[in-house]
Undergrad: 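Quick one: the structure is below, questions incoming.
Because the structure is a prediction, the values reported are computed rather than measured. Position 1 is the first residue of the sequence, and the numbers go up from there.
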Amino acid sequence: MKLLKGNILLCLGMFLLSGLYSHAQDETEGIEFTMNLSKEELGINERLRVDFTMNKDGDNFKPPQFDGFNVIMGPSQSISSSWVNGKRSYSKTYTYILKPTARGNFTINQATIEIDGQTYKTTPQKVEVTAAVDKPNSEKTVDDVADESLHLVAEVSKGNPYLNEAVTVIYKLYVSPNISVTNYRPLDNPTYNNFWSQDIPVTKHTAQNGTYQGKPYRYVVLKRVVLYPQKSGQLDIEPLSLEIFVDVPTNRRDFFGGRIYTSTSKTVSAGKRTINVKPLPEAGKPADFSGAVGDFDFSVTTSKTQLNASESLQAKVEVSGKGNLKLFQLPEPELPSALEVYDPEYEESINTYSSGMEGKVSNNYTIVPSFRGKYPIPSISFSYFNPNTGSYETINSEEINIEVIEGPTSNTTNATPAANKQAVVPIGEQFHFININPNLSAIGVDRFFGSNLFFILLLAPLLLIPIAIFTFKKREAIASDVVGNKIKKANKLARKYLSTAKKELGNKEAFYVALEKGLHNYLKAKLHIETSEFSKDKITSILSEKNVEKEDIEGFIELLTSCEMARYSPFSNVQMQQDYEKASEVISNLDKQL
């Protein structure tokens with residue numbers, strides 16, 4: 001009997017181990033990494049398209065050497081994802097366009113990629129290059145046309161600027177007249193390390209006519225940014241990558257003779273740019289130079305030049321012009337010790353244009369004189385580097401005399417500047433006599449027994465006992481209402497996810513995930529069904545039984561469909577706003593009927 005039990009346990013263990021092994025093997029076998037060629041035989045004047053496709057995202061992709069061919073385009077990336085019957089399908093493709101360099105038989109060697117820690121390789125394929133043909137590449141695919149018709153270019157205003165001199169980068173998308181762009185989304189935004197950066201919003205994307213490599217194109221400005229390099233030497237401007245959704249014409253026609261278009265998406269990159277930043281010259285650098293680079297004006301002004309002691313005046317130190325206005329310190333005035341100076345208030349009025357920052361910055365000092373007399377505010381200097389002339393320039397302010405007409409007289413010389421601040425000397429009566437006729441009264445002795453506190457403490461238990469009983473019964477009733485607690489929890493979750501969806505407007509994936517969760521939790525609260533029971537048919541059937549109007553049922557189902565389609569289709573901000581408002585309206589209508 002013991003032997004029989006042991007055999008049974010042994011068989012059961014082997015069965016479980018074999019099941020786990022087969023499951024792991026199925027997961028590994030489900031990963032595919034293949035190479036596809038547009039043709040195996042082509043003329044020397046034709047182009048070859050090579051696609052490396054995987055059904056799961058990986059890292060460290062390494063293409064082959066492509067011996068016998070020149071790479072004229074690529075790698076370009078395309079990603080597709082869809083949900084069918086609750087199952088997700090994924091595909092990522094690296095595409096190269098090759099041009100043969102000679103006739104003969106060539107081999108496209110294997111490419112490698114790492115997926116889940118495993119290295120996968122494609123199978124090498126042979127290609128025969130023949131003599132030139134009459135109609136090279138007579139049948140181009142939709143992706144071929146899109147690759148040739150989209151170009152993202154980063155235009156840099158200066159390739160050899162000075163340290164802290166403005167550099168403008170304009171990203172332009174060139175589109176061939178043969179295709180049309182329907183939407184785009186950024187994949188990788190540059191971080192601009194070693195630069196102070198300021199984006200210039202592009203409020204309207206207007207197509208303009210231009211040329212790219214000598215051919216007529218239309219272009220759209222997608223992004224503008226002003227950079228101020230913070231270190232000298234070779235600095236890299238990281239590339240901007242976008243996924244572009246386009247409509248490409250085909251050779252097919254519809255019933256009325258119109259050309260049929262096919263939609264596709266392509267990944268384009270502006271490429272990395274390198275600039276050489278020149279350091280500021282050491283020769284002739286002023287001692288008070290604080291890093292200002294540009295073309296500036298400098299002034300020191302006061303709100304008044306005559307006043308009485310203990311009154312206040314405003315002194316403004318202001319720099320205006322064009323340059324790195326946010327990246328340097330303003331000079332500080334040296335004032336006589338008899339003037340009390342408070343910490344300055346910083347003000348700025350700066351606009352950033354394609355050529356850089358323009359405007360003014362200032363420090364406003366509040367000054368209060370303590371004594372009567374005349375006080376000069378000495379001239380102060382401001383130095384900056386002008387990149388247009390390649391030299392340093394210094395501006396000196398005019399000396400300002402402050403006259404205090406009325407007030408106490410100081411025993412010290414009042415015209416001596418001091419680096420330290422001196423407190424204001426109080427004016428008027430500084431000491432007061434002690435009151436010799438105080439109105440004093442005896443301190444009474446408070447008794448606890450018979451006082452108000454005594455009676456409050458005495459009656460408090462009588463009042464707290466019924467309150468405690470009522471609270472206990474209320475909590476017991478709430479705890480016993482299991483269904484009601486579930487409904488409250490689901491309602492809370494629904495409000496939470498609808499609130500999250502509102503915050504995520506503009507972020508497509510996060511918005512529709514939050515919206516779908518909010519809709520599901522709302523139905524869970526109202527219909528008392530578990531999440532596993534959800535399906536469109538089930539929802540339609542239950543809402544119909546509850547006598548919900550057909551229009552509201554269809555609206556709810558359309559919202560769920562939009563959430564599913566948003567996972568792999570481009571949705572605009574307007575569409576997201578409409579879906580959110582529709583969700584609020586549908587839930588409000590359902591509340592009135594359920």
Side-chain angles (χ1 to χ4, degrees), residues 164 285-352 357-386 392-432:
N164 259 315
K285 179 184 291 186
D288 62 346
F289 177 70
S290 61
V293 177
D295 190 5
F296 303 105
D297 290 325
F298 175 67
S299 65
V300 178
T301 58
T302 58
S303 59
K304 60 181 76 172
T305 56
Q306 290 184 342
L307 71 164
N308 297 327
S310 75
E311 293 181 354
S312 66
L313 63 89
Q314 302 294 321
K316 177 183 288 189
V317 179
E318 181 178 271
V319 173
S320 61
K322 179 179 178 181
N324 60 337
L325 288 164
K326 296 183 179 181
L327 304 177
F328 61 83
Q329 293 182 347
L330 292 169
E332 298 181 0
E334 293 185 0
L335 301 176
S337 60
L339 299 179
E340 174 68 13
V341 184
Y342 294 90
D343 291 335
E345 295 182 1
Y346 178 78
E347 293 182 357
E348 67 177 38
S349 176
I350 302 174
N351 294 319
T352 303
M357 288 185 281
E358 296 183 20
K360 59 184 177 180
V361 293
S362 62
N363 276 336
N364 294 317
Y365 295 86
T366 299
I367 301 174
V368 180
S370 302
F371 304 102
R372 185 175 58 208
K374 293 183 178 181
Y375 304 93
I377 298 179
S379 171
I380 59 176
S381 62
F382 170 71
S383 299
Y384 64 94
F385 179 78
N386 192 334
Y392 293 95
E393 299 181 15
T394 301
I395 303 176
N396 295 303
S397 66
E398 296 181 358
E399 182 179 292
I400 301 176
N401 292 308
I402 304 298
E403 183 180 3
V404 181
I405 301 174
E406 296 181 0
T409 302
S410 174
N411 295 328
T412 60
T413 304
N414 52 22
T416 303
N420 298 324
K421 299 177 183 178
Q422 177 171 317
V424 178
V425 177
I427 298 173
E429 293 186 2
Q430 302 182 37
F431 302 98
H432 299 276

Undergrad: Atom CG in Asp288, atom CD in Glu332: separation rounded to 0.5 Å?
TA: 12.5 Å

Undergrad: For atom CD of Glu399, decide whether the heavy atoms of other residues, nucleotides or ligands shown that lie under 6.0 angstrom number more than 12.
TA: yes

Undergrad: Which heavy atom in Leu330 sits nearest to a heavy atom in Val317, and how many Å separate them?
TA: CD1-O, 3.9 Å

Undergrad: With respect to Glu403, which candidate in Lys374, Gln306, Lys304 satisfies the side-chain hydrogen bond (donor to acceptor under 3.5 Å, both in side chains) definition?
TA: Gln306

Undergrad: So, taking the atom named NZ in Lys316 and the one named OG1 in Thr302, what distance separates them when rounded to the nearest 0.5 Å?
TA: 11.5 Å

Undergrad: Which pair of heavy atoms, one from Phe296 and one from Gly323, lies closest together, and at what distance?
TA: CZ-CA, 3.7 Å

Undergrad: Is there a side chain to side chain contact (heavy atoms under 4.5 Å, CB included) between Glu311 and Val368 once you walk through the steps?
TA: CA-CA 6 Å; Glu311 293 181 354; Val368 180; over 6 Å; no

Undergrad: Within the 4.5 Å heavy-atom criterion, are Tyr392 and Ser383 side-chain neighbours or not?
TA: no

Undergrad: Could you walk me through whether Val361 and Tyr346 pass the side chain to side chain contact (heavy atoms under 4.5 Å, CB included) check?
TA: CA-CA 8 Å; Val361 293; Tyr346 178 78; 3.2 Å; yes

Undergrad: Show your reasoning for whether side chain to side chain contact (heavy atoms under 4.5 Å, CB included) applies to Leu335 and Tyr375.
TA: CA-CA 8 Å; Leu335 301 176; Tyr375 304 93; over 6 Å; no

Undergrad: Return the CG to CD distance between Asn364 and Glu318, rounded to the nearest 0.5 Å.
TA: 8.5 Å

Undergrad: Quick check on the 6.0 Å ring-centre criterion: do Phe328 and Phe385 meet it?
TA: no

Undergrad: One pair to check against side chain to side chain contact (heavy atoms under 4.5 Å, CB included): Ile400 and Thr301. What are the steps and the verdict?
TA: CA-CA 8 Å; Ile400 301 176; Thr301 58; 5.5 Å; no

Undergrad: Working to the nearest 0.5 angstrom, can you tell me the gap between Asn164 CG and Asn324 CG?
TA: 4.5 Å

Undergrad: Shortest non-hydrogen contact from Ala309 to Gly407?
TA: CB-CA, 3.7 Å

Undergrad: Within a strict 4.5 Å, meaning less than it, do heavy atoms of the Thr394 and Phe289 side chains meet?
TA: no

Undergrad: Please report the closest heavy-atom contact between Leu325 and Glu358, naming both atoms and the distance.
TA: CD1-C, 3.8 Å

Undergrad: Could you check whether any side-chain heavy atom of Ser312 comes within less than 4.5 Å of a side-chain heavy atom of Tyr342, counting everything from C-beta outward?
TA: no

Undergrad: For the backbone of Gln329 and the side chain of Ser290, can you confirm whether one donor and one acceptor N or O come within less than 3.5 Å of each other?
TA: yes

Undergrad: Looking at Lys326 and Ile350, what are the two nearest heavy atoms and their distance?
TA: CG-CD1, 3.6 Å

